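Owing to the predicted nature of the structure, the values given are computational and were not obtained by experimental measurement.
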Amino acid sequence: MRHLNRGTCSRAVEFEVEDNIVKSCQFIGGCHGNTQGIAKLVVGMPVDEVIKRLDGIDCNGRGTSCPAQFAEALKEYKAQH
């Protein structure tokens, strides 16, 4: 699934979920090292746990962040499935 990010340096996040577990995560654009780190940390985690940990993280007063946008993407995924 692909989610277009809003308010962040990264343009999008692509991810796969299987049996409510994040199987893959890749950010398009953004701070490459940080987004790679986020992606490696969330793979293998339950969707609800990722949302709980990443939701609401702010980057420099933007009101959102790359991690928060991934949480939003997972919320949208849950609403569709």
Side-chain angles (χ1 to χ4, degrees):
M1 183 168 195
R2 183 180 183 116
H3 169 82
L4 298 178
N5 294 343
R6 297 175 230 31
T8 62
C9 298
S10 63
R11 296 181 305 278
V13 60
E14 295 178 348
F15 63 97
E16 292 179 32
V17 174
E18 184 178 304
D19 297 325
N20 204 39
I21 302 293
V22 177
K23 293 296 181 180
S24 69
C25 175
Q26 180 180 7
F27 287 85
I28 310 304
C31 303
H32 190 61
N34 290 335
T35 56
Q36 277 186 339
I38 294 164
K40 287 193 180 279
L41 289 170
V42 301
V43 168
M45 290 179 65
V47 168
D48 288 335
E49 184 65 22
V50 175
I51 293 169
K52 178 180 153 189
R53 291 180 183 212
L54 302 183
D55 194 31
I57 293 176
D58 181 74
C59 181
N60 286 333
R62 293 178 180 186
T64 193
S65 64
C66 294
Q69 285 296 297
F70 186 47
E72 291 301 317
L74 290 174
K75 288 179 195 177
E76 289 177 13
Y77 170 85
K78 283 181 64 174
Q80 294 174 7
H81 293 87

Quiz item: Which heavy atom in Pro67 sits nearest to a heavy atom in Ile38, and how many Å separate them?
Solution: CG-CD1, 3.5 Å
Practice problem: State, yes or no, whether a side-chain contact exists between Arg53 and Leu41 at a heavy-atom distance under 4.5 Å. | Solution: no
Practice problem: Taking all non-hydrogen atoms of both residues into account, name the closest pair between Ala68 and Ile57 and its distance. | Solution: CB-O, 3.4 Å
Exercise. Spell out, as yes or no, whether a donor-acceptor pair under 3.5 Å connects the side chain of Asn5 to the backbone of Arg11.
Key: no
Quiz item: Rounded to the nearest 0.5 Å, how far apart are NZ of Lys75 and CG of Leu54?
Solution: 10.5 Å
Quiz item: For the atom pair CD (Glu72) and CZ (Arg6), what is the distance rounded to the nearest 0.5 Å?
Solution: 7.5 Å
Practice problem: Please name the pair of heavy atoms, one in Lys78 and one in Ile51, separated by the smallest distance, quoted to 0.1 Å. | Solution: CD-CD1, 3.8 Å
Exercise. Is it possible for you to say whether Phe15 and Ile21 belong to one hydrophobic cluster, with membership spreading through side-chain heavy-atom contacts below 4.5 Å?
Key: no
Quiz item: Looking at side-chain heavy atoms only, is the closest gap between Leu74 and Val17 below 4.5 Å?
Solution: yes
Practice problem: Flag the pair Val22 / Glu16 as yes when at least one side-chain heavy-atom distance between them is below 4.5 Å, and no otherwise. | Solution: no
Quiz item: So which heavy atom on Leu4 is nearest to which on Ala12, and how close?
Solution: CD2-CB, 4.1 Å
Quiz item: In terms of hydrophobic clusters joined by side-chain contacts under 4.5 Å, are Tyr77 and Met45 together?
Solution: yes
Self-check item: Arg62, CZ atom: more than 12 neighbouring heavy atoms under 6.0 Å
Solution: yes
Quiz item: Just by distance, do the side chain of Gln26 and the backbone of Ala39 share a donor-acceptor pair under 3.5 Å?
Solution: no
Exercise. Flag yes if Ile28 and Met1 sit in one hydrophobic cluster, no otherwise; membership is Ile, Leu, Val, Met, Phe, Trp, Tyr, and two members link when side-chain heavy atoms are under 4.5 Å apart.
Key: no
